[in-house]
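Counting begins at 1 with the first residue of the sequence.
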Amino acid sequence: MIQNENIDHGKAFDWGRTSSDYAKYRDIYPQEFYQNLVDMGLCVKGQKVLDIGTGTGVIPRNMYRYGADFTGIDISENQISQAAALAKECGMDIEFHCTPAEKCGFPDGTFDVITACQCFTYFNHEELAPLIWRMLKPGGRFVVLYMAWLPFEDMIAGKSEDLILKYNPAWTGCKERRHPISIPDVYGIYFTMESEKVFDIQVPFTRESWNGRMKACRGIGASLSEEEVESFETEHRALLKEIAPEEFNILHYTAMTVLKKNV
């Protein structure tokens, strides 16, 4: 269970409650997303990589083919269980641990790259920044990744978001516009900004998979009761029949920030 006054106005949420939907519906990053990392020489063969806030292991599992030695950690036992099961199904040798990122006990200088995808806002950065610095090898990179739909430009995304807010007005993961990732000042003590990019991506969905993606968001599956989630899903499915074809794309933007460890 996570509760933070700066997120959802302090309303508690638990990713473990939506782990099965998360595993099924949130492995959605297109090839362009991963190719950007490879093109920057990140998460590739010869590198040891730690993915913090790994969830169901989306980043390690999809980047596994590029040859890096991955470890994933997450605070949710349910998420880690899903990640380990999915990796095992695919014959992937990925190490997963259930632990808060701020408390992980890896030795200094263990990793070439540390990634944080779709989770950066949840951490205690005063604790995390020096820990990331210590765990990275000299010249190591800390990579922060984020992707969000654009509700003011994509009609289907906008209507779905309105429905989420109807069921959970406290949810603050809404009304996104393109912007670089905000990096707290404390990281400037330990890292130098190496690169920063923001670009658009079209992500394909069906009515079923988009409904699942909405259920697996923080504002619904991780926050609401089973009865509320069921009611949302019924209304959302009806909405999609009215406004969406069976298959469609949703406009997202992606932000990637690479920080290099200071000597």
Side-chain angles (χ1 to χ4, degrees), residues 2 7-8 11-34 53-59 61-62 74 76 78-79 81-83 85-86 89 117-119 121-122 145-178 200-254:
I2 300 172
I7 301 171
D8 298 348
K11 183 180 177 71
F13 58 95
D14 180 2
W15 286 117
R17 294 171 54 188
T18 190
S19 289
S20 58
D21 282 333
Y22 200 109
K24 186 174 181 179
Y25 295 114
R26 291 199 58 163
D27 192 347
I28 59 173
Y29 303 104
Q31 174 57 26
E32 182 183 355
F33 179 91
Y34 300 109
T54 195
T56 59
V58 171
I59 296 299
R61 289 186 290 105
N62 282 279
D74 197 276
S76 169
N78 288 347
Q79 294 281 74
S81 294
Q82 289 282 348
L86 290 167
E89 283 179 15
C117 182
Q118 218 72 8
C119 59
T121 188
Y122 302 132
L145 307 163
Y146 183 70
M147 187 174 80
W149 61 79
L150 290 163
F152 299 109
E153 299 179 47
D154 189 292
M155 182 270 293
I156 297 173
K159 295 289 187 182
S160 295
E161 184 172 283
D162 288 344
L163 189 60
I164 295 174
L165 289 167
K166 173 184 172 181
Y167 280 83
N168 187 357
W171 178 59
T172 55
C174 56
K175 301 180 181 178
E176 281 276 7
R177 298 182 187 274
R178 296 173 191 82
D200 287 357
I201 290 182
Q202 292 282 357
V203 183
F205 289 94
T206 63
R207 288 179 189 161
E208 172 64 25
S209 65
W210 179 244
N211 178 70
R213 172 64 184 90
M214 294 299 95
K215 277 202 307 174
C217 88
R218 190 180 74 231
I220 298 298
S223 302
L224 303 184
S225 69
E226 290 184 11
E227 293 77 12
E228 289 171 323
V229 173
E230 184 177 348
S231 182
F232 166 82
E233 184 174 20
T234 298
E235 192 167 349
H236 190 236
R237 287 184 183 278
L239 172 67
L240 291 180
K241 285 184 179 180
E242 294 179 7
I243 67 172
E246 182 56 38
E247 297 181 0
F248 51 90
N249 290 332
I250 294 290
L251 178 63
H252 289 65
Y253 83 94
T254 292

Validation row: [X], [Y] side chains within 4.5 angstrom (heavy atoms):
| X | Y | answer |
| --- | --- | --- |
| Y25 | M214 | no |
| D154 | H252 | no |
| D200 | L251 | yes |
| Y122 | R218 | yes |
| I164 | I220 | yes |

From [atom1] ([X]) to [atom2] ([Y]), nearest 0.5 Å:
| X | Y | atom1 | atom2 | result |
| --- | --- | --- | --- | --- |
| F232 | K166 | CZ | NZ | 10.5 Å |
| L240 | S160 | CG | OG | 5.0 Å |
| C217 | K215 | SG | NZ | 11.5 Å |
| E247 | W210 | CD | CH2 | 15.5 Å |
| D21 | Q82 | CG | CD | 9.5 Å |
| E228 | Y167 | CD | OH | 9.0 Å |

Compare every heavy atom of [Y] with every heavy atom of [X], then report the nearest pair and how far apart it is.
| X | Y | value |
| --- | --- | --- |
| G57 | A83 | N-CB, 3.6 Å |
| V229 | G221 | CG2-CA, 4.2 Å |
| G55 | D74 | N-OD2, 2.8 Å |
| E176 | F152 | O-CD1, 3.9 Å |
| N168 | G219 | ND2-O, 2.9 Å |
| P151 | W149 | CD-O, 3.3 Å |

Examine distances only and state if a side-chain atom of [X] and a backbone atom of [Y] form a donor-acceptor pair shorter than 3.5 Å.
| X | Y | value |
| --- | --- | --- |
| E161 | K175 | yes |
| Q118 | M147 | yes |
| T206 | E246 | no |
| R237 | N211 | no |
| N62 | V58 | yes |

Show your working on side chain to side chain contact (heavy atoms under 4.5 Å, CB included) between Y29 and C117 and close with a plain yes or no. CA-CA 11 Å; Y29 303 104; C117 182; 3.5 Å; yes
F33 vs I28, test: side chain to side chain contact (heavy atoms under 4.5 Å, CB included). Steps then yes/no. CA-CA 10 Å; F33 179 91; I28 59 173; over 6 Å; no
Atom CD of residue position E230 - does it have more than 12 heavy atoms of other residues, nucleotides or ligands inside 6.0 Å? no
Show your reasoning for whether side chain to side chain contact (heavy atoms under 4.5 Å, CB included) applies to D27 and T56. CA-CA 9 Å; D27 192 347; T56 59; over 6 Å; no
